[in-house]
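Working notes, beginning with the structure itself.
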Amino acid sequence: MSAENIGSEKLIGSEDQASFVNRVAMAGEEGWAALWEALTPIERRRLFLDWRYWRQAGQAPPAGRWRNWLLMAGRGFGKTRVGAEWVRRQAQLFGTARIALVGATMAEARAIMVEGESGLLAICRDRQELPTWEPSLNRLRWPSGASAYLYSASEPNSLRGPQHTHAWADEIGKWAGGEDAWNNLQFGLRIGPLPRAVVTTTPSAVPLVKRLVTQKNVAVTCGRTADNHANLSADFLQTMTELHGGTRLGRQELDGELIEDSAGAMWPRDLVEACRVERPADADLGRVVIGVDPPAGIDGAACGIVAAGVRADGKAVVLADCSIGGVGPEGWAAAVASARAANRASLVVAEANQGGAMVESVLRACETHLPLRLVHARVGKGARAEPVAALFRSGKALFGGCFPELEDELAGFVMGAGWTGVGSPDRADAMVWALTELMLSGRGEPSIRLVG
């Protein structure tokens with residue numbers, strides 16, 4: 001069987017894995033019982049032993065002639081199980097396979113990749129396929145003839161010289177010898193019909209990971225911790241989500257996102273985390289305003305709507321991101337009115353550079369007595385954002401909760417370069433207007449005029 005056809009063979013009767021799993025899902029519990037009864041004893045055993053019937057879609061190897069498969073996912077997604085199952089499958093199909101198992105350290109490679117509860121020894125339910133583990137040699141040998149050897153990324157020169165057909169690299173985001181170990185591994189991945197490696201890691205914005213996600217020969221799969229909820233404690237998921245959901249740590253460790261800063265970022269991710277607090281109670285807030293960055297047209301483009309207020313200690317706090325897209329003028333005007341009511345705001349500050357009269361009339365039509373102040377930008381987005389970013393750096397402005405989409409836009413602002421992201425930073429603009437009104441309007445910032 002060629003390497004390209006791995007996973008395409010029929011598993012039960014004349015039916016492949018994907019169509020069988022789909023038929024089980026459609027059948028429901030009662031239908032599943034009937035399907036089980038219809039299977040032969042051999043088919044039942046194959047079904048029980050073959051993990052491909054039970055894995056989730058994101059745990060399946062991608063199609064195509066990739067050289068490296070990078071699986072970046074949250075904790076508990078099942079990355080170790082994926083890596084171990086992939087290695088087991090290669091050893092089953094290729095008796096001449098020579099596989100490299102590379103961990104951050106030799107101790108981790110042994111404890112997680114080989115001896116762990118999702119490691120290579122634990123996943124072999126069929127004792128006839130169980131590899132022989134030779135710890136003194138750091139070697140596994142399968143009955144098929146395939147073998148695997150353990151390496152430590154902290155000793156990159158140990159990978160200089162050995163040749164391999166396959167490799168499993170685990171947690172490369174924390175490899176001490178990252179670049180050297182990876183390069184040596186790739187140089188040695190040179191025998192067999194299609195040398196390839198699976199890379200399992202929690203996202204980390206280290207140079208090696210950032211480089212891999214951009215390479216053409218790397219297939220990238222991402223996954224969230226919650227995707228594997230059926231195999232995780234419900235209490236664990238709830239607790240972790242409550243503690244870290246939406247934060248930089250949570251987005252990296254739970255949602256599997258690769259989060260990085262641009263050089264010279266106005267709002268580095270570490271700064272955002274340092275400025276994060278719980279949302280103050282309404283009784284602890286003084287003045288509250290809603291910043292609005294209206295869409296330029298009427299085609300349903302996004303409208304930035306952000307609420308911010310001032311605490312009793314004089315510090316400004318971002319309270320809510322109520323931005324909305326995919327609606328017409330009436331829709332976003334209603335969202336503005338709703339945000340004002342929900343946050344008990346005393347004023348709405350809306351940018352009026354694009355159709356000021358239209359912005360006013362749309363908002364007035366939704367709420368006749370809306371307290372509205374139109375603002376006009378005299379400088380670019382970057383120049384408007386810099387003094388607001390300084391408020392956060394000096395501890396005078398805070399984030400009262402987690403606002404992932406807003407924070408992603410803020411990450412696109414770079415000192416001296418302004419907005420460097422794609423599209424328009426509607427949420428960020430709305431926040432800038434709100435905080436400018438609260439904290440900077442008397443300091444010569446963009447001019448404003450009261451309407452009505």
**Request:** Run the salt-bridge test on Glu257 and Arg224 with the 4.0 Å N-O cut-off and return the result as yes or no.
**Result:** no

**Message:** For the backbone of Gly74 and the side chain of Lys79, can you confirm whether one donor and one acceptor N or O come within less than 3.5 Å of each other?
**Reply:** yes

**Request:** Go through the steps for Leu406 and Leu410 under the test side chain to side chain contact (heavy atoms under 4.5 Å, CB included), then give the verdict.
**Result:** CA-CA 6 Å; Leu406 168 60; Leu410 294 176; 4.2 Å; yes

**Request:** Please step through side chain to side chain contact (heavy atoms under 4.5 Å, CB included) for the pair Leu271 and Phe392, ending with a clear verdict.
**Result:** CA-CA 8 Å; Leu271 171 64; Phe392 287 92; 4.3 Å; yes

**Message:** Using side-chain heavy atoms (C-beta onward) and a distance below 4.5 Å, is Leu140 in contact with Leu101?
**Reply:** yes

**Prompt:** Counting only heavy atoms not in Arg211, do more than 12 sit closer than 6.0 Å to its CZ atom?
**Reply:** yes

**Complete:** Minimal heavy-atom distance between Arg373 and Leu347, with the atoms involved, is NE-CD2, 3.5 Å

**Request:** Please tell me if the side chains of Met415 and Glu386 come closer than 4.5 Å, counting only heavy atoms from C-beta onward.
**Result:** yes

**Message:** Set out, in order, the CA-CA distance, both residues' side-chain angles and the distance that settles side chain to side chain contact (heavy atoms under 4.5 Å, CB included) for Val213 and Val218, then state yes or no.
**Reply:** CA-CA 7 Å; Val213 298; Val218 177; over 6 Å; no

**Fill in**
Output for pair (Leu435 CG, Leu391 CG), nearest 0.5 Å, gives 6.5 Å

**Nearest heavy atoms of Ala122 and Gly116, plus distance in Å** = CB-O, 3.5 Å

**Asked** Do the non-hydrogen side-chain atoms of Glu407 and Arg276 ever get within less than 4.5 Å of each other?
**Response** yes

**Message:** Looking at Gln186, is its backbone amide N or carbonyl O close enough to the side chain of Arg67 to form a donor-acceptor pair, meaning the two atoms are under 3.5 Å apart?
**Reply:** yes

**Asked** Closest heavy-atom contact between Trp175 and Trp182?
**Response** CZ3-N, 4.0 Å

**Asked** Is Glu437 paired with Arg287 through a side-chain N to carboxylate O contact shorter than 4.0 Å?
**Response** yes

**Asked** Between CD of Glu360 and CG of Leu372, what distance do you get to the nearest 0.5 Å?
**Response** 6.0 Å

**Request:** Give me the ring orientation class for His164 and Tyr151: parallel if the planes are under 30° apart, tilted from 30 to 60°, perpendicular past 60°.
**Result:** perpendicular

**Asked** Looking at Gln59 and Phe77, what are the two nearest heavy atoms and their distance?
**Response** NE2-O, 3.0 Å

**Message:** Closer than 3.5 angstrom, by distance alone: can the side chain of Thr105 be matched with the main-chain N or O of Ser152 as a donor-acceptor pair?
**Reply:** no

**Complete:** Minimal heavy-atom distance between Val306 and Ala434, with the atoms involved, is O-CB, 4.0 Å

**Message:** Can a donor-acceptor pair be found, under 3.5 Å and without considering hydrogens, that links the side chain of Ser118 to the backbone of Arg81?
**Reply:** no

**Prompt:** Can you find a heavy atom in the side chain of Asp429 that is under 4.5 Å from one in the side chain of Lys381?
**Reply:** yes

**Salt-bridge contact Arg311-Asp284 (side-chain N to carboxylate O under 4.0 Å)** = no

Got a list of side-chain donor-acceptor pairs under 3.5 Å for residues 197-210, not counting sequence neighbours?
{"residue": "Thr200", "atom": "OG1", "partner": "Trp168", "partner atom": "NE1", "Å": "2.9"}
{"residue": "Thr200", "atom": "OG1", "partner": "Asp170", "partner atom": "OD1", "Å": "2.7"}
{"residue": "Thr201", "atom": "OG1", "partner": "Glu171", "partner atom": "OE1", "Å": "3.3"}
{"residue": "Thr201", "atom": "OG1", "partner": "Gly173", "partner atom": "N", "Å": "3.3"}

**Asked** Are Ser424 and Asp426 close enough that a side-chain donor and a side-chain acceptor fall under 3.5 Å?
**Response** yes

**Prompt:** Could you give the distance from SG (Cys322) to CZ (Phe403), rounded to the nearest 0.5 Å?
**Reply:** 9.0 Å

**Request:** Nearest 0.5 Å please: distance from the SG atom of Cys402 over to the CG atom of Asp321.
**Result:** 12.0 Å

**Item:** Considering all heavy atoms, the nearest Cys124-Leu130 contact
**Value:** CB-CD1, 3.8 Å

**Item:** Cationic tip of Arg196 above Trp69 ring, under 6.0 Å, 45° of axis
**Value:** no

**Request:** Please tell me if the side chains of Trp133 and Pro135 come closer than 4.5 Å, counting only heavy atoms from C-beta onward.
**Result:** yes

**Asked** Do Asn138 and Met106 come close enough that some side-chain heavy atom pair is under 4.5 Å?
**Response** yes

**Prompt:** When you check the gap from the basic side-chain N to the acidic O, do Lys174 and Glu108 get nearer than 4.0 Å?
**Reply:** yes

**Request:** Determine, stepwise, if the pair His166 / Val87 fulfils side chain to side chain contact (heavy atoms under 4.5 Å, CB included).
**Result:** CA-CA 8 Å; His166 303 83; Val87 168; over 6 Å; no

**Prompt:** Should the heavy atoms of other residues, nucleotides or ligands under 6.0 Å from CZ of Arg75 be counted, would the total exceed 12?
**Reply:** no

**Asked** Which value, rounded to the nearest 0.5 Å, describes the distance between Leu212 atom CG and Met72 atom CE?
**Response** 9.0 Å

**Request:** Report yes if the side chains of Leu370 and Arg340 come closer than 4.5 Å at any heavy-atom pair, otherwise no.
**Result:** yes

**Message:** For Trp419 and Phe413, take the angle between the two ring planes, folded into 0 to 90°, and tell me which bin it lands in: parallel under 30, tilted 30 to 60, perpendicular over 60.
**Reply:** tilted

**Prompt:** In terms of side-chain geometry, is the basic nitrogen of Asp408 or Arg427 positioned less than 4.0 Å from the acidic oxygen of its partner?
**Reply:** no

**Asked** Quick check: are there more than 12 heavy atoms from other residues, nucleotides or ligands sitting under 6.0 Å from CD of Glu115?
**Response** yes

**Asked** Would you say the side-chain atoms of Asp180 and Asn183 include a donor-acceptor pair closer than 3.5 Å?
**Response** no

**Asked** When rounded to the nearest 0.5 angstrom, what is the spacing between CG in Asp227 and NE2 in His229?
**Response** 8.0 Å

**Message:** Are the side chains of Leu285 and Val310 in contact, using a 4.5 Å heavy-atom criterion?
**Reply:** no

